[in-house]
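Here the structure is a predicted model, which is why all the values come from computation and not from measurement. Below, read A as the first sequence line, B as the second, and so on, with proteins coming before strands; counting in each chain starts at 1.
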Number of protein chains: 2
Amino acid sequence: MSRLPTVHDVALAAGVSRQTVSNVLNAPDIVRPDTRERVREAIERLGYRPHASARRLRTQKSSTIGIRLDPMVDGISGSILDRFLHALTEQADAVGLRILLFTATSPEDEIRQFGRLIDGSDVDAFVLTSTFHGDPRTEWLIEHAQRFVTFGRPWGIDDMNDPRHPWVDVDGRAGVRDATESLLRRGLQRIGFVGWPGGSGTGDERRGGWVDAMQAAGLGEDLDRLQEAGVDTVAAGRDATSRLAARVPDLEAVVAASDSLALGAVVREQAALPVVGFDNTPVSAAMGFSSVDQRLGEVAEGVLALLEGAPDAPRHRLVTPELVIRSSHPPAVPDEP
Amino acid sequence: MSRLPTVHDVALAAGVSRQTVSNVLNAPDIVRPDTRERVREAIERLGYRPHASARRLRTQKSSTIGIRLDPMVDGISGSILDRFLHALTEQADAVGLRILLFTATSPEDEIRQFGRLIDGSDVDAFVLTSTFHGDPRTEWLIEHAQRFVTFGRPWGIDDMNDPRHPWVDVDGRAGVRDATESLLRRGLQRIGFVGWPGGSGTGDERRGGWVDAMQAAGLGEDLDRLQEAGVDTVAAGRDATSRLAARVPDLEAVVAASDSLALGAVVREQAALPVVGFDNTPVSAAMGFSSVDQRLGEVAEGVLALLEGAPDAPRHRLVTPELVIRSSHPPAVPDEP
DNA sequence: CTGACTCATTTGATCGTTCAAATTCGTGTA
DNA sequence: TACACGAATTTGAACGATCAAATGAGTCAG
């Protein structure tokens with residue numbers, strides 16, 4: 001197999017100079033249409049591909065996004081990152097960006113990795129997942145003037161609108177509100193909520209969606225009695241649902257903060273009650289219960305847009321999730337016209 | 001922030017030439033110990049990191065492994081790739097290799113991507129997952145003299161020992177045999193198997209492990225009656241278990257070819273029977289049933305070893321999985337001394 | 001017909017590293 | 001003393017692309 005063709009070879013073949021070839025690739029509009037076509041034809045004919053490393057050396061941009069591959073989280077929801085990664089990879093590819101993976105054992109270690117990757121000019125932007133209150137990583141990145149976007153909003157008081165911290169998040173509140181309203185619209189009223197213990201921003205938001213919908217429906221009385229909480233495992237979901245069902249014998253449905261909790265509810269209830277989960281994981285599909293889908297494609301799109309984005313463009317984006325209705329959902333009531 | 005230091009800066013600081021700095025990094029043994037130390041000190045002091053792209057341009061090696069990120073598979077088992085990826089990333093990093101992700105919509109598309117990545121000198125080796133009978137991808141890679149390793153053995157007749165096709169796989173047969181023997185050792189005898197429909201190499205191997213163990217225990221009579229099959233979903237697992245239980249009322253345990261099928265069995269049986277799955281996914285942990293762990297760390301290690309491996313080293317590796325026993329397993333019988 | 005101006009294209013230099021060949025230095029041998 | 005030899009180090013060139021500045025070809029007003 002002979003040497004791969006370079007800009008030089010293409011230039012020779014098309015009877016133009018190196019730079020013109022380069023321009024056809026990077027700034028087509030400044031090249032006269034007929035030359036452009038001739039060069040394109042030569043590129044095609046020779047099967048030329050720009051050498052990524054050479055380009056990166058010259059431009060001093062790696063066009064690569066670093067993302068930490070989390071150690072498998074406990075719950076079933078681990079696959080969200082997986083799907084997000086898939087969407088991100090696909091869309092990044094379309095705009096000429098690559099995804100470089102790395103691992104870390106702690107936030108501090110992750111910061112160490114940031115340094116390594118930046119110093120080696122391996123990446124020129126980061127995507128962070130699973131942000132938490134007082135996250136040292138974002139602070140470090142801001143301090144060191146690195147490009148990044150977080151999937152997950154910052155949970156500090158004022159951080160949400162800090163223009164130095166771009167973020168994309170899913171509007172969990174709206175998602176759970178939708179799910180609850182969907183059940184209300186079908187005539188159910190005693191709708192319980194199984195969530196996470198208070199204090200996690202994400203969890204509180206999701207609970208808030210349920211509260212919103214119940215109150216709007218004039219069912220704001222009994223909300224304390226109708227909710228239970230547990231850590232994000234199937235067992236906790238099952239137990240929480242048990243407690244709830246014991247306290248509210250005429251419970252009509254359960255909305256859960258995650259598919260893990262929802263699966264616990266489903267296992268416990270043996271499909272006697274409609275259950276709605278959150279994340280639309282393969283498990284919800286497999287078990288046939290409804291779930292709120294995070295629309296990770298849109299999240300990925302938002303992340304890339306913010307990474308590229310002009311400084312004056314909005315610095316964050318809230319994606320509205322979508323309720324996916326499955327067989328265990330109660331049948332729809334004919335809509336009012 | 002000022003410009004990052006280069007070999008030149010380090011050379012100046014240490015009072016040597018560029019090349020000596022380069023040698024300290026790439027061939028330390030040809031540099032005199034005291035010079036070496038002086039250069040190392042300068043590197044440390046300046047915080048120098050070699051520029052990855054420059055190095056790759058010069059050496060014409062990308063030190064990057066391409067791996068396709070599968071579109072989320074249906075079942076729960078999607079997380080295997082996830083965990084494999086994690087192990088691979090971690091270990092690759094340790095030997096100076098990077099992992100580059102890409103996506104593809106079909107094997108043909110994947111082959112197109114191979115071409116793209118090779119032509120752009122983005123990667124110099126591939127890791128393939130989910131190999132299947134008559135896989136066109138491996139053929140293409142062999143044809144085009146590309147370095148690669150598959151996770152999953154080739155299923156063609158003679159391919160297994162083809163030295164041009166290096167592979168690492170998990171010995172599913174041994175895993176299921178172990179699982180079955182573990183139940184036999186605890187005194188159970190009527191152990192059913194819920195597998196995939198015949199014809200998939202992996203599935204047939206796993207079934208084989210169950211057959212092996214049963215026959216070795218002198219229970220080879222009724223094997224046809226004791227097995228059922230279904231596609232790899234929770235629902236299929238539930239239904240297959242139902243059929244099995246209907247036919248074999250005194251069924252004592254179920255061994256399944258996957259955690260998806262196993263979950264179906266668990267849901268159906270409500271923990272009345274011990275169930276053993278395969279893959280040790282988070283779901284098995286969450287639901288508390290035993291499962292066979294693929295030891296993805298060892299698989300990753302094997303993959304990297306084969307990628308680097310000398311041509312005369314063994315061209316494939318079979319990893320023995322490990323049974324993870326959980327609460328739903330029957331209590332151990334005191335071992336014979 | 002000249003000069004100013006624009007648009008398209010070319011030329012030389014450069015990014016940071018490593019390869020290959022050249023140089024320097026110390027040491028042992030005839 | 002001279003010479004060869006090997007080890008340690010240095011020097012010039014190259015990898016393949018893009019940047020910045022220079023050149024060439026038209027076009028139009030004066």
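Residue-to-nucleotide proximity on DNA chain D shows that, of Q60(B) and D34(B), the 5′-proximal contact is made by D34(B).
Evaluation of the ring-ring contact (aromatic ring centres under 6.0 Å, His included) rule for F148(A) yields H165(A) as partners, not counting sequence neighbours. Among residues two or more places apart in sequence or in another chain, the ring-ring contact (aromatic ring centres under 6.0 Å, His included) test is passed with F126(A) by F114(A). Listed by chain and residue number, nothing satisfies the side-chain hydrogen bond (donor to acceptor under 3.5 Å, both in side chains) test with R18(A) (two or more places apart in sequence, or in another chain). With sequence neighbours left out, N23(B) forms a side-chain hydrogen bond (donor to acceptor under 3.5 Å, both in side chains) with Q19(B). Checked against side-chain hydrogen bond (donor to acceptor under 3.5 Å, both in side chains), Q113(A) has the following partners two or more places apart in sequence or in another chain: R116(A). E298(B) meets the salt bridge (Lys or Arg N to Asp or Glu O under 4.0 Å) test with R295(B); sequence neighbours excluded. Remark: R32(A) engages D34(A), T35(A) in a side chain to side chain contact (heavy atoms under 4.5 Å, CB included) (not counting sequence neighbours). R153(A) is linked by a salt bridge (Lys or Arg N to Asp or Glu O under 4.0 Å) to D169(A), E205(A), counting only residues two or more places apart in sequence or in another chain. Shown here are the side-chain hydrogen bond (donor to acceptor under 3.5 Å, both in side chains) partners of T320(A), two or more places apart in sequence or in another chain: there are none.
Separating the CG atom of L57(A) from the P atom of dT14(C) is a distance of 14 Å, rounded to the nearest angstrom. Summarising the geometry, the separation between CG on L12(A) and C1' on dT10(C) is reported as 14 Å, rounded to the nearest angstrom.
The footprint of chain B on DNA chain D, defined by a heavy-atom cutoff below 4.0 Å, extends from dA8(D) to dG16(D).
T35(A) comes within 4.0 angstrom of the backbone, heavy atoms only, and of no base.
We find that E44(B) and R40(B) are not joined by a salt bridge, their nearest charged nitrogen and carboxylate oxygen being 4.0 Å or further apart.
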Using a 4.0 Å heavy-atom cut-off, write out nucleotides 17-25 of chain C from 5' to 3' as B (base contacted by protein), S (sugar-phosphate only) or - (no contact). BBBB-----
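Note that the two end axes of the helix from dC1(C)-dG30(D) to dA30(C)-dT1(D) enclose an angle of 70°, each drawn from 5 base pairs, rounded to 10 degrees.
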